[in-house]
Novice: 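One structure, as structure tokens, below. Some questions next.
Source: prediction; values computed, not measured. Order of the sequence lines sets the chain letters (A, B, ...), proteins ahead of strands, with each chain counted from 1.
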Amino acid sequence: MEKKVRVRFAPSPTGGLHLGGVRTVLFNYLFAKKHNGSFIVRIEDTDQRRYVPGAEEYLFDCLRWCGLEPNESVQHGGSFGPYRQSERKSLYKKYADQLIEQELAYYAFDTPEELEKMRAQLATPSNPSPQYDRQVRLQLRNSLALGEAKTKELLDAGTPYVVRIKMPEQETLRFTDLIRGEVSFDTATLDDKVLLKADGMPTYHLAVVVDDHHMQITHAFRGEEWLPSAPVHILLWKHLFGLEQMPQWAHLPLILGPNGKLSKRDGAKYGFPVFAMNWTDPSTGEVTEGFKEKGFLPEAFLNLLALLGWNDGSEKEIFTLQELIDSFSIERIHSAGARFDYEKAKWFNHEWIKKSSTDRLLPEFEQRLFTNAISGAEREKLKQVVALVKDRCTLLTDCNEQAGFFFTEPAQLDTTAITGKWSAEKRAFFEWLANQYQTSSLGDAAAQELLFKEKAASLQLKAGELLLPLRIMLVGGKFGPGVFDIATVLGPTVTAQRIARALTLLP
RNA sequence: GGCCCGUUCGUCUAAGGGCUAGGACACCACCCUUUCACGGUGGUGAUACGGGUUCGAAUCCCGUACGGGCUACCA
């Protein structure tokens, strides 16, 4: 029987959740759901210096907003915990000791200063970043160079040490990546990576292998930036658990910004978000805007991320989460990096707003338009407004401009758009119109338009020259849905009031 | 510098030996609309370069160029 599919997303709680991170989550999630598997979130908090308070809760908030709930995690529980690496510390030490025992790893006592010195001394123009590798390891302070007795002496004296993997002299390490096919590395070009740090914490390399094994991960998705360290992980799997136990790797192409790797700065510089939700740096108080707050629907956010480097082979571009699950396949993930295009991202959002139901959009609008709870009557009115204006909103935040005037009288009227062709006759027409709204029942939008045009014709006025002034009077500017639709939602009293008020501002 | 990955319109991509290289975003034009959008129709626009293999190459192979990533006791 096939092993049950288990995948994981393994972020370090150091800051905002990036576009690329969400896409990695999404692909994990889609793959898990597609194969009735489990999606696990494991917190990789092994670097205590980079730990940022609040980042972990923030991460789960983002996943919740996206609707990508894990099956197992710090917050969701599960039988493979703990799901925080800092709480699994002793486990890693055990494997580090085992590797040393088998002479596949060794103790290194070099201090950070000594390492820095070594690198500075060995650096040449043709080799700007010397490695801690087979070439130099015998000249450094480690158990390989020092011998058993001296090593024991240092250990007994409590000298701080790290554990480094002993890269084989010359061996070709190969594996089949689900996205790129066979990838191979020559160990002769690789360095002796640290596995266990001086503080007893594992590095990513050791932790990812140990945890993937213990959590029975079957498929490991991660960003392409990890590809160069894959051979270290392959080697550890070989040494510790056997290659046949190793999960299948899939290195996802990177999401690029306008120039190169997408960074937080790019967002600030080019005016688009890079994080899923607003992230506040607790040390500086600096806020980095998120897609949520920018006015994206999570459905659209996931949709656009999925289509960045993946497609189902057809020309379909708009997918619900369920449709993504149904049609997802790793083979159709592109191998090249994809440049993020904010214009296209907005298009996805617009398509989603258009296709979403009024009920789906109602809370989104309500939350943005009102600070306090609203009455049932107001909510009914808002429903009509949403239906009327949603097609014109690219971002949810556009609702302020597109729908705000239904609830609040426009602060300013763009009267310059009227005054050019203003006349006493027109004034008289609007006085009549305000009176009509005030005193008679004018019927639906079509009926109002008919009456409006008939009256204009009887006064020898062009309806077209009266429509724009009416719009300005009701809306404040040259935007919004059909004027009579607006008047209908506003109701006759408010419509009459707005016309009357505008007339006081006109000659 | 070394190692690894990549390369089809400006951007995201389809086409995995065989049509005039298809679609989407953006852009332009026209239509619709007496606001602005939506919508409709059409248009501009690409196989990085050089060699092979083949009757035939965007597709397979090699080289070059370019782009990206990694090269920490960070992930």
Side-chain angles (χ1 to χ4, degrees), chain A residues 10-14 44-47 49-50 85 108 110-112 115-116 119 123-132 160-164 177 179-180 183-186 188-191 193-205 207-208 222-231 251 253-254 256 258-261 304 307-318 334-348 350-351 354 389-394 398 401-402 414 417 453 462-472 475 477-483:
Chain A
S12 13
T14 53
E44 309 226 329
D45 57 346
T46 55
D47 186 353
R49 288 166 314 182
R50 291 212 309 156
Q85 287 183 330
D110 317 85
T111 63
L115 288 176
E116 206 175 308
R119 292 197 179 103
T124 61
S126 64
N127 182 19
S129 40
Q131 308 191 106
Y132 199 119
Y161 66 88
V162 302
V163 174
R164 286 182 181 271
D177 186 272
I179 295 173
R180 284 147 226 285
V183 183
S184 65
F185 299 84
D186 183 350
T189 66
L190 269 21
D191 63 342
K193 286 269 179 273
V194 170
L195 301 179
L196 201 70
K197 302 186 261 188
D199 65 0
M201 280 289 190
T203 57
Y204 174 83
H205 307 299
V208 73
R222 70 197 340 181
E224 193 188 348
E225 72 269 26
W226 287 109
L227 202 45
S229 48
H251 290 90
L254 262 17
L256 281 358
N259 24 356
K261 197 183 184 182
L304 73 93
L307 272 281
L308 209 48
W310 174 87
N311 70 82
D312 75 342
S314 75
E315 284 173 0
K316 184 177 164 76
E317 292 194 279
I318 303 299
H334 239 249
S335 49
R339 207 168 297 279
F340 174 69
D341 180 359
Y342 188 50
E343 292 306 318
K344 182 102 186 204
K346 284 193 290 191
W347 174 80
F348 272 108
H350 193 183
E351 291 300 310
K354 283 193 288 181
V389 308
K390 64 174 186 167
D391 285 7
R392 332 170 84 86
C393 296
T394 297
D398 291 341
E401 183 186 51
Q402 294 295 336
D414 180 10
K453 287 187 170 168
K462 283 185 196 158
E465 290 185 11
L466 295 166
L467 246 16
L468 184 62
L470 179 58
R471 169 176 299 281
I472 306 286
V475 175
K478 288 195 257 189
F479 56 90
V483 255

Novice: Sequence neighbours left out, what passes salt bridge (charged side-chain N to carboxylate O under 4.0 Å, His left out) with A:R50? Give chain and number order.
Specialist: A:D47

Novice: What is the nucleic acid contact for A:F348, judged by heavy atoms within less than 4.0 Å: base, sugar-phosphate only, or nothing?
Specialist: nothing

Novice: Looking at every strand, decide which applies to A:P481 at a 4.0 Å heavy-atom threshold: base, sugar-phosphate, or nothing.
Specialist: base

Novice: Looking at B:G6, B:C12, B:A75, which one has an atom nearest to any side-chain atom of A:R339?
Specialist: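 Of all the options, the side chain of A:R339 is nearest to B:C12.
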
Novice: Taking atom C1' in both B:G51 and B:A15, what distance in whole Å separates the two?
Specialist: 25 Å

Novice: Quick one: is B:A75 close enough that its OP1 or OP2 comes under 4.0 Å of any side-chain N or O from A:T46?
Specialist: yes

Novice: Provide the Watson-Crick or G-U wobble partner of B:A37, both distances under 3.5 Å; none if there is no partner.
Specialist: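 Check on B:A37: unpaired, no WC or wobble geometry under 3.5 Å.
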
Novice: With sequence neighbours left out, write down each residue that passes salt bridge (charged side-chain N to carboxylate O under 4.0 Å, His left out) with A:K316, or none if nothing qualifies.
Specialist: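 Partners of A:K316 under the salt bridge (charged side-chain N to carboxylate O under 4.0 Å, His left out) test: A:E323.
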
Novice: Step by step, would you call A:K478 with A:I472 a side chain to side chain contact (heavy atoms under 4.5 Å, CB included)?
Specialist: CA-CA 6 Å; A:K478 288 195 257 189; A:I472 306 286; 4.1 Å; yes

Novice: How long is the line joining CG of A:L467 and C1' of B:U34, in whole Å?
Specialist: 6 Å

Novice: Can you figure out which of B:U35, B:A75, B:U7 approaches the side chain of A:R50 most closely?
Specialist: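 From the listed options, B:A75 comes nearest.
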
Novice: Report the residues that fulfil side chain to side chain donor-acceptor pair (under 3.5 Å) with A:D398, sequence neighbours left out, ordered by chain and then residue number.
Specialist: none

Novice: Parallel, tilted or perpendicular, judged at 30° and 60°: which one describes the rings of A:W226 and A:Y204?
Specialist: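 Ring orientation, 0 to 90° scale: parallel.
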
Novice: Suppose we screen for salt bridge (charged side-chain N to carboxylate O under 4.0 Å, His left out). Which residues come up paired with A:K390, at least two apart in sequence or across chains?
Specialist: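 With neighbours one apart ignored, the set is empty.
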
Novice: Using a heavy-atom cut-off of under 4.0 Å over every strand shown, decide if A:T394 touches base, sugar-phosphate, or nothing.
Specialist: nothing

Novice: In whole Å, I'd like the distance from the CG atom of A:L307 to the P atom of B:U13.
Specialist: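 It is 9 Å, rounded to the nearest whole Å.
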
Novice: Round to a whole Å and report the spacing from NZ of A:K390 to P of B:C38.
Specialist: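 For the pair A:K390 NZ and B:C38 P, the rounded distance is 16 Å.
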
Novice: Select one nucleotide: of B:C73, B:U35, B:A14, the one nearest the side-chain heavy atoms of A:L115.
Specialist: B:C73

Novice: Which part of the nucleic acid does A:A338 contact within heavy-atom distance under 4.0 Å: base, sugar-phosphate only, or nothing?
Specialist: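 Sugar-phosphate, no base atom in range.
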
Novice: If I take atom CG in residue A:L227 and atom C1' in nucleotide B:G2, what distance separates them, rounded to the nearest angstrom?
Specialist: 16 Å

Novice: Hey, does A:V183 reach any base, or is it just sugar-phosphate, or nothing, if we go heavy atoms under 4.0 Å?
Specialist: sugar-phosphate

Novice: Determine the interatomic distance between C1' on B:U11 and the same-named atom on B:G50; round to the nearest Å.
Specialist: 28 Å

Novice: With nearest nucleotide decided by heavy atoms, which residue, A:P125 or A:E465, maps closer to the 5′ end of RNA chain B?
Specialist: A:P125

Novice: Any side-chain N or O of A:H334 under 4.0 Å from OP1/OP2 of B:G6?
Specialist: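 For A:H334, the contact criterion (side-chain N or O under 4.0 Å from OP1 or OP2 of B:G6) is not met.
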
Novice: Which is true for A:G477 with a 4.0 Å heavy-atom rule: it touches a base, it touches only sugar-phosphate, or it touches nothing?
Specialist: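 Result for A:G477 = nothing.
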
Novice: Return the pairing partner of B:G67 with a 3.5 Å limit on both distances, Watson-Crick or G-U wobble; otherwise return none.
Specialist: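 Partner of B:G67: B:C5.
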
Novice: For nucleotides 68-72 of chain B, list the nitrogen or oxygen atoms of the protein found under 3.5 Å from its nitrogen or oxygen atoms, one pair per line.
Specialist:
| residue | atom | partner | partner atom | Å |
| --- | --- | --- | --- | --- |
| B:G69 | OP1 | A:K261 | N | 3.4 |
| B:C70 | OP1 | A:K261 | NZ | 3.3 |

Novice: Between B:U8 and B:A48, how many Å separate the two P atoms, rounded to a whole number?
Specialist: 6 Å

Novice: One pair to check against side chain to side chain contact (heavy atoms under 4.5 Å, CB included): A:R339 and A:L308. What are the steps and the verdict?
Specialist: CA-CA 8 Å; A:R339 207 168 297 279; A:L308 209 48; over 6 Å; no

Novice: Protein within reach of the bases, or only the backbone? For nucleotides 15-29 of chain B, mark each nucleotide 5' to 3' as B, S or -, using heavy atoms under 4.0 Å.
Specialist: S------SSBB----

Novice: Between B:A75 and B:A57, how many Å separate the two C1' atoms, rounded to a whole number?
Specialist: 42 Å

Novice: Rounding to an integer number of Å, can you tell me how far A:D391 CG sits from B:U33 P?
Specialist: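 Distance check: A:D391 CG to B:U33 P gives 18 Å.
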
Novice: By side chain to side chain donor-acceptor pair (under 3.5 Å), which residues pair with A:K453, not counting sequence neighbours?
Specialist: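 Scan of A:K453 (side chain to side chain donor-acceptor pair (under 3.5 Å), adjacent residues dropped) gives A:E449.
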
Novice: Answer with yes or no whether the side chains of A:R222 and A:H251 bring together a donor and an acceptor at under 3.5 Å.
Specialist: yes

Novice: Considering Watson-Crick and G-U wobble pairs with both distances under 3.5 Å, what does B:C60 pair with?
Specialist: B:G52

Novice: Could you list the residues that satisfy salt bridge (charged side-chain N to carboxylate O under 4.0 Å, His left out) with A:K197, not counting sequence neighbours?
Specialist: none

Novice: So, does A:N311 get its side chain near the phosphate of B:A14, meaning an N or O under 4.0 Å from OP1 or OP2?
Specialist: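 Checking A:N311 against B:A14: at least one side-chain N or O falls below 4.0 Å of OP1 or OP2.
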
Novice: Atom NZ of A:K354 and atom P of B:C38: how far apart are they, to the nearest Å?
Specialist: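 One finds 7 Å between P of B:C38 and NZ of A:K354, rounded.
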
Novice: Select base, sugar-phosphate, or nothing to describe what A:G482 touches, counting heavy atoms under 4.0 Å on all strands.
Specialist: base

Novice: Taking for each residue the nucleotide of RNA chain B bearing the nearest heavy atom, is the 5' side occupied by A:R180 or by A:D199?
Specialist: A:R180

Novice: On a whole-Å scale, what distance lies between the C1' atoms belonging to B:C27 and B:G63?
Specialist: 38 Å

Novice: Which residues satisfy the side chain to side chain contact (heavy atoms under 4.5 Å, CB included) test with A:D110, sequence neighbours excluded?
Specialist: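 In terms of side chain to side chain contact (heavy atoms under 4.5 Å, CB included), with neighbours along the sequence ignored, A:D110 is linked to A:A108, A:E114, A:L115, A:Y132, A:L140, A:R141.
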
